There are 2 protein chains.
Amino acid sequence: MATASAPGKVYLFGEHAVVYGEPAVPCAIERRARAEVTERDDDHVRIDTADLGLEGFVAEYGPESAPTVEAPDSLLEAGLAYIDAAVREARDAADAPDAGLNVSVESDIPLGAGLGSSAAVVVATVAAAAHELGLDLDSRDVAERAYRAERDVQEGEASRADTFASATGGAVRVEGDDCRSLEAPELPFVVGYDGGSGNTGELVAGVRRLREEYGFAADTVSAIGDLVRDGEHALAEGDVEELGRLMDFNHGLLEALGVSARSLDAMVWAARQAGAHGAKLTGAGGGGCIVALDPTEQTETALDLTAECEQVFRAELATDGVRLE
Amino acid sequence: MATASAPGKVYLFGEHAVVYGEPAVPCAIERRARAEVTERDDDHVRIDTADLGLEGFVAEYGPESAPTVEAPDSLLEAGLAYIDAAVREARDAADAPDAGLNVSVESDIPLGAGLGSSAAVVVATVAAAAHELGLDLDSRDVAERAYRAERDVQEGEASRADTFASATGGAVRVEGDDCRSLEAPELPFVVGYDGGSGNTGELVAGVRRLREEYGFAADTVSAIGDLVRDGEHALAEGDVEELGRLMDFNHGLLEALGVSARSLDAMVWAARQAGAHGAKLTGAGGGGCIVALDPTEQTETALDLTAECEQVFRAELATDGVRLE
């Protein structure tokens, strides 16, 4: 039996603009997905999700049958597809395409909320399954395999950002296919979650329409890229207050691009009024999570008292990425 | 006795960026200030504000005494200064520097809330006082005199936007010192007011700091200018839905520049979720008013039910500017 865990992430800066070749800075956070993999005697795969932040599912399938799960929830189907793709990548890496595996996955990262839950599940599954099949992948190899799995599931439309940040941990700079780790100070992240999620495809398409129709919208996307470049300096200097100011500005530019939501704005304001250095939505937007920087407990308290916030938790920067447990 | 009224305004687009030479489009709205002026036998001025949206004040002063009012409220002092400056401009225009006048002013425009209340008071006072002194100024002359009065009070820092829109009515394009009227369709404005006001000086200074420190903030100001130019086309074509989309985007850029507020964002979202074509803060921000475009009653209903909204009213585009009554 092999077990691996991998962290979720927040976007310190740059979501959406990253689609157009601008740099972005995702940061791994200490909320993890865990995969436990055991080789079987036959060539079947059994997937069991004890706790994926939803009710979980069990699916078992052979080499001739497509993986299906009896549940109407599209999150379930997506979860199954991601884990199945991760298993295939691990089998491929280990040159064991017919290996039977029991895979058990659990996660304490809210699903579809901008925290990179699917990437963390895929990264943990790839690492654990490969290890169980006798192959220890380094974090960059796991990142590459996990990226391919996500790209498969998302029909060619995947960013390397989430899987790279989850595999390597820490703060990461992503620009196109170029991913690298950044030095970062301690980042006192506080996450507020509205209990919902946005439709990533629609949100990305909305930004695309605005960008194609209006020169000022294309300039807004470019402004996010420039902000990220300034943010890299602030990160290198460990200037948390400056990072907060830039997060506030980044949130406004995302709001201009139509990807915020009433609940996200309410949580962002609660954090700012509580004295956070800054706050912004994280991920595709439209609902889900905001991230604030606050070393004190004030933001957690304020978010707890905010009607739009269903869950609030502290999530320090995860310096470890994927790890065998 | 002479009576004149003048409308307040909302910014359809472009506040803050107008400070840096970008165009802006203020629109006069059907909420008015009224000034009633009667010549006196002596050389004193008596100012009586029955209802300025605050408790009002009375002040009387001679040529040797400075106008003072016994009230701690800075809004009162500001109101007195504006009316005094308007009286001086009217006396100067009529070549009657020592004329005694009783001036009574009332307004149904919330003060300091981004609706151009001071400009409307000044415009109405200049027109009524000049008329009482035998001089009928046309709207452009009233705009010029009112601008000078505001500039005096604000120590050189005045925009021509508010006074021009109030004097001429309708939709207006302002770029630097160049002001002109625009053709406009019927604009179904709905105004939400949080009962407060922002500190214009601090808000303008905050944008200045951001713009000087960050290239992307300067680009954000320029993006507002480009948005305004697109907005002029939408206005010319009477495309109210497009105007709404541009208002939404403009609000996000203002939020990025740090001039929104929790209450303003809450009202903007209430309007959008009610089906308004678009919504944004109007004026300096930090508190005060938002403006939405909605031909239906939905936005008024939604704002009525929004805790952060203290007052909501419909305010169609005012095609009349200053007028003698």
Side-chain angles (χ1 to χ4, degrees), chain A residues 13-14 17 22 206-207 209-211 213-231 233-234 242 245-274 278-281 285 302 306-308, chain B residues 13-14 17 22 206-207 209-211 213-231 233-234 242 245-274 278-281 285 302 306-308:
Chain A
F13 308 116
E22 300 292 348
V207 173
R209 276 194 304 275
L210 284 169
R211 189 170 169 277
E213 185 160 355
Y214 303 115
F216 60 79
D219 292 343
T220 299
V221 170
S222 302
I224 292 177
D226 291 338
L227 182 151
V228 174
R229 282 178 276 269
D230 281 355
H233 293 294
E242 172 78 352
R245 281 191 291 274
L246 295 174
M247 288 168 74
D248 282 347
F249 204 107
N250 196 164
H251 181 75
L253 296 179
L254 289 166
E255 144 75 6
L257 290 170
V259 301
S260 192
R262 189 175 192 164
S263 56
L264 299 177
D265 279 7
M267 293 192 287
V268 160
W269 279 110
R272 290 174 183 167
Q273 291 179 340
K280 61 183 279 295
L281 69 84
T306 300
E308 290 83 354
Chain B
F13 308 116
E22 300 291 349
V207 173
R209 276 195 304 275
L210 284 170
R211 189 171 168 279
E213 186 161 354
Y214 302 114
F216 61 79
D219 291 342
T220 299
V221 170
S222 302
I224 292 177
D226 291 337
L227 182 152
V228 174
R229 283 178 275 270
D230 280 354
H233 294 293
E242 172 78 351
R245 280 191 292 273
L246 295 173
M247 289 168 74
D248 283 346
F249 205 107
N250 196 164
H251 181 75
L253 296 178
L254 290 166
E255 144 75 6
L257 291 169
V259 301
S260 191
R262 188 175 190 163
S263 56
L264 299 177
D265 279 6
M267 291 192 289
V268 160
W269 279 111
R272 289 174 184 170
Q273 290 180 339
K280 61 184 279 294
L281 69 85
T306 300
E308 290 84 354

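No experiment lies behind these values; they were computed from the predicted model shown. Letters A, B, ... mirror the listed sequences (proteins, then strands); counts begin at 1.
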(request) Measure distances from B:Ala270 to the heavy atoms of chain A and classify the residue's part below 4.5 Å as side chain, backbone, both or neither. (result) both
(request) Tell me, for A:Ala217 versus chain B, whether the close heavy atoms (under 4.5 Å) come from the side chain, the backbone, both or neither. (result) both
(message) How long is the straight-line distance from CG of B:Leu227 back to OH of A:Tyr214, given to the nearest 0.5 Å?
(response) 8.0 Å
(request) Hey, could you give me each pair passing salt bridge (charged side-chain N to carboxylate O under 4.0 Å, His left out) that has a residue in residues 253-268 of chain B? Not counting sequence neighbours. (result) A:Arg272-B:Glu255
(message) If you count heavy-atom pairs within less than 4.5 Å of chain B, which of A:His251, A:Arg229, A:Glu242 leads?
(response) A:Glu242
(message) Using the side chain to side chain donor-acceptor pair (under 3.5 Å) criterion, which residues pair with B:Asp219? Sequence neighbours excluded.
(response) none
(message) Is B:Glu213 in contact with chain A via its backbone, its side chain, both, or neither, using a 4.5 Å heavy-atom distance?
(response) side chain
(message) Heavy-atom cut-off 4.5 Å, strictly under: side chain, backbone, both or neither for A:Leu254 against chain B?
(response) neither
(message) Let me confirm one number: the OG1-CZ distance from B:Thr220 to A:Phe216, rounded to the nearest 0.5 Å.
(response) 12.5 Å
(request) Can you measure from CZ (B:Arg245) to CZ (A:Arg209) and round to the nearest 0.5 angstrom? (result) 9.5 Å
(request) Against chain A, label B:Ser260 side chain, backbone, both or neither, depending on which of its atoms sit under 4.5 Å from a heavy atom there. (result) both
(request) Answer with side chain, backbone, both or neither: which region of A:Leu246 has an atom nearer than 4.5 Å to a non-hydrogen atom of chain B? (result) side chain
